[in-house]
Chemist: 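Following this message is one structure expressed as structure tokens.
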There are 2 protein chains.
Amino acid sequence: MNFSHKDLSGKLAGHNIRPSFQRLKVLEYLIQNQCHPNAEQIFNELQNVIPTLSKTTIYNTLNKFADAGLVKVLNIEDNEARYDIITETHGHFKCEECGTIYNFKIDLDAVNVEELKGFITTERNVYFKGTCQKCLLNINYSKRKEHVS
Amino acid sequence: MNFSHKDLSGKLAGHNIRPSFQRLKVLEYLIQNQCHPNAEQIFNELQNVIPTLSKTTIYNTLNKFADAGLVKVLNIEDNEARYDIITETHGHFKCEECGTIYNFKIDLDAVNVEELKGFITTERNVYFKGTCQKCLLNINYSKRKEHVS
DNA sequence: GTTCCTGCAAAAGCTTTGCAGAAGA
DNA sequence: TCTTCTGCAAAGCTTTTGCAGGAAC
């Protein structure tokens with residue numbers, strides 16, 4: 001998919017965020033790469049487009065987006081935040097072999113927790129960890145090869 | 001509850017961890033304070049018991065416990081890890097007012113996710129955020145007072 | 001006598017802050 | 001003009017690493 005400058009500006013304006021060039025590019029990147037990037041990845045990618053870009057701006061922008069509710073911050077590991085354009089409630093699966101984070105549909109909005117009666121819940125997160133199918137196949141393949149040789 | 005040296009040593013031995021004094025104290029602390037402490041809190045508390053204690057040892061110990069599957073690392077915020085003695089599957093609720101992390105019962109082991117067919121899931125985490133009842137009551141109380149005065 | 005553990009100091013890595021100049025309203 | 005934004009440099013924080021002395025088995 002492709003997004004016009006107008007689409008992107010509109011989205012920012014809807015959250016009271018001024019449409020600077022840097023912000024538009026970060027937003028565009030997040031929409032086109034829904035792969036839960038961290039600040040580093042976004043920075044590296046956009047440096048090609050904006051040579052003078054600084055990491056501070058990436059952080060400023062991401063924090064602004066997060067405050068505005070445009071993106072969600074994922075803290076699956078403790079040493080880096082990952083950013084997710086907010087679409088609908090979904091869970092995350094992190095493969096501990098390859099590091100890929102997958103989305104999966106799960107609806108916790110309906111879940112009613114007895115112990116949280118009287119609490120206000122504003123955010124519901126689910127993340128699983130394990131090994132993804134791709135890596136499992138690779139591991140099995142390696143083992144078979146090992147066995148043969 | 002109180003735990004004898006023998007109980008604690010046994011628990012460590014069961015995970016192939018040598019029962020040094022420091023490790024026993026960290027374990028004891030985690031069992032007696034199931035309040036999801038971070039490294040800092042554990043360090044401060046245990047410094048009273050072990051004056052020569054260093055933060056490195058806290059990290060060494062917690063990492064060892066985590067590797068052995070004795071504790072679970074919670075990454076609800078990105079700037080600090082919190083540690084949770086593993087008991088049974090439960091969710092975490094973090095109050096954004098007072099910072100307290102509450103446990104609640106939720107069983108995701110039964111959840112079957114179509115999109116994760118062929119994946120191996122080793123860890124399932126749920127965390128909610130919002131405002132706890134205690135803080136909600138305080139906020140309401142303040143508002144009432146404000147209104148009266 | 002080895003191997004493992006502790007803790008100091010230093011480093012590493014992610015993120016925030018201060019600030020001055022530039023851009024936008 | 002006045003506010004907001006960018007990006008450099010520096011600082012802040014949590015966590016890890018290197019290493020030497022000490023403890024445990």
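Letters A, B, ... are given to chains in the order of the sequence lines, protein chains preceding strands, and every chain is numbered from 1. Just the heavy atoms: all of them, side chains too, but no hydrogens, waters or symmetry mates, feed the values below.
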Chemist: Please determine whether a side-chain nitrogen or oxygen atom of B/Asn60 lies at a distance below 4.0 Å from atom OP1 or OP2 of D/dT16.
Modeler: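 Answer is no, no contact under 4.0 Å.
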Chemist: Calculate the interatomic distance between B/Glu77 atom CD and C/dC14 atom P; express it in whole Å.
Modeler: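 In whole Å, C/dC14 P lies 19 Å from B/Glu77 CD.
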Chemist: When we call it a touch if two heavy atoms are under 4.0 Å apart, what does B/Asn38 touch: a base, just sugar-phosphate, or nothing?
Modeler: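 The answer is nothing, as B/Asn38 stays clear of every strand by at least 4.0 Å.
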Chemist: Considering only D/dT15, C/dC4, D/dG7, which nucleotide approaches the side chain of B/Arg18 most closely?
Modeler: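 The listed nucleotide nearest to B/Arg18's side chain is C/dC4.
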Chemist: Between A/Phe65 (CZ) and D/dC5 (C1'), how many Å, whole number?
Modeler: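 Checked: the CZ to C1' distance equals 13 Å.
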Chemist: Between A/Asn75 (CG) and D/dT15 (P), how many Å, whole number?
Modeler: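 Rounding to the nearest Å, CG of A/Asn75 and P of D/dT15 are 12 Å apart.
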Chemist: State which of D/dC5, C/dG7, C/dT15 makes the closest approach to the side chain of A/Lys55.
Modeler: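 The answer is C/dT15, which lies nearest to the side chain.
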Chemist: Could you please name the option among C/dT16, D/dT6, C/dT6 that lies closest to any side-chain atom of A/Asn63?
Modeler: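 The answer is C/dT16.
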Chemist: Given D/dG7, is OP1 or OP2 found less than 4.0 Å from the side-chain N or O atoms of A/Gln22?
Modeler: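 Checking A/Gln22 against D/dG7: at least one side-chain N or O falls below 4.0 Å of OP1 or OP2.
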Chemist: Is there a side-chain contact between B/Arg23 and the phosphate of C/dC5, meaning an N or O under 4.0 Å from OP1 or OP2?
Modeler: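 For C/dC5, OP1/OP2 do have a side-chain N/O of B/Arg23 under 4.0 Å.
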Chemist: Could you state the CG-P distance from B/Asn16 to D/dC25, rounded to the nearest angstrom?
Modeler: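 Result: 14 Å.
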Chemist: B/Ser20 side chain N/O closer than 4.0 Å to the phosphate oxygens (OP1, OP2) of C/dT6?
Modeler: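 Answer is yes, contact under 4.0 Å.
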Chemist: Tell me whether the OP1 or OP2 atom of D/dT6 has a side-chain N or O from A/Ser54 closer than 4.0 Å.
Modeler: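 Answer no for this pair, as no side-chain N or O of A/Ser54 is under 4.0 Å from OP1 or OP2.
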Chemist: I need the CG-P distance between A/Asn79 and D/dG12, as an integer number of Å.
Modeler: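 Whole-Å distance recorded here is 22 Å.
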Chemist: Could you tell me how far apart B/Phe21 (CZ) and C/dT6 (P) are, to the nearest whole angstrom?
Modeler: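 Roughly 11 Å, once rounded to whole Å.
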Chemist: Flag the pair B/Lys129 and B/Glu77 as a salt bridge only when some basic side-chain nitrogen lies within less than 4.0 angstrom of an acidic carboxylate oxygen.
Modeler: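 Answer for the salt bridge query: yes.
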Chemist: For the pair made of CD in A/Glu40 and P in C/dC14, what is the distance, rounded to whole Å?
Modeler: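 Rounded to the whole Å, the gap is 6 Å.
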Chemist: Below 4.0 angstrom from OP1 or OP2 of C/dG7, is there any side-chain N or O of B/Thr52?
Modeler: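 Yes, such a contact exists.
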Chemist: Is the closest side-chain donor-acceptor distance between A/His92 and A/Asn125 under 3.5 Å?
Modeler: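 A/Asn125 and A/His92 do not have a side-chain donor-acceptor pair below 3.5 Å.
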Chemist: Under 6.0 Å from the NZ atom of B/Lys72, do we count more than 12 heavy atoms belonging to anything else shown?
Modeler: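 Enclosed: over 12 neighbouring heavy atoms sit under 6.0 Å from NZ of B/Lys72.
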Chemist: Quick test of your reading of the model: are A/Glu80 and A/Arg82 salt-bridged, counting only N-O distances below 4.0 Å?
Modeler: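 Here A/Glu80 pairs with A/Arg82 in a salt bridge, since their nearest N and O are under 4.0 Å apart.
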Chemist: Can you tell me if B/Thr56 touches the phosphate of C/dC8, counting only side-chain N or O atoms and a distance under 4.0 Å to OP1 or OP2?
Modeler: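 Result: no.
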Chemist: How close or far is atom P of C/dT15 from atom CD1 of A/Ile42, stated in whole angstroms?
Modeler: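 Value for this atom pair: 10 Å.
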Chemist: Have a look at B/Phe104 and tell me which of B/Tyr127, B/Phe93, B/Phe128 forms a ring pair (Phe, Tyr, Trp, His ring centres under 6.0 Å) with it.
Modeler: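 Going through B/Tyr127, B/Phe93, B/Phe128 one by one, the ring pair (Phe, Tyr, Trp, His ring centres under 6.0 Å) with B/Phe104 is satisfied by B/Phe128 alone.
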Chemist: Please state whether the phosphate of D/dT15, meaning OP1 or OP2, lies under 4.0 angstrom from any side-chain nitrogen or oxygen of B/Tyr59.
Modeler: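 So the side chain of B/Tyr59 is within the cut-off, an N or O lying under 4.0 Å from OP1 or OP2 of D/dT15.
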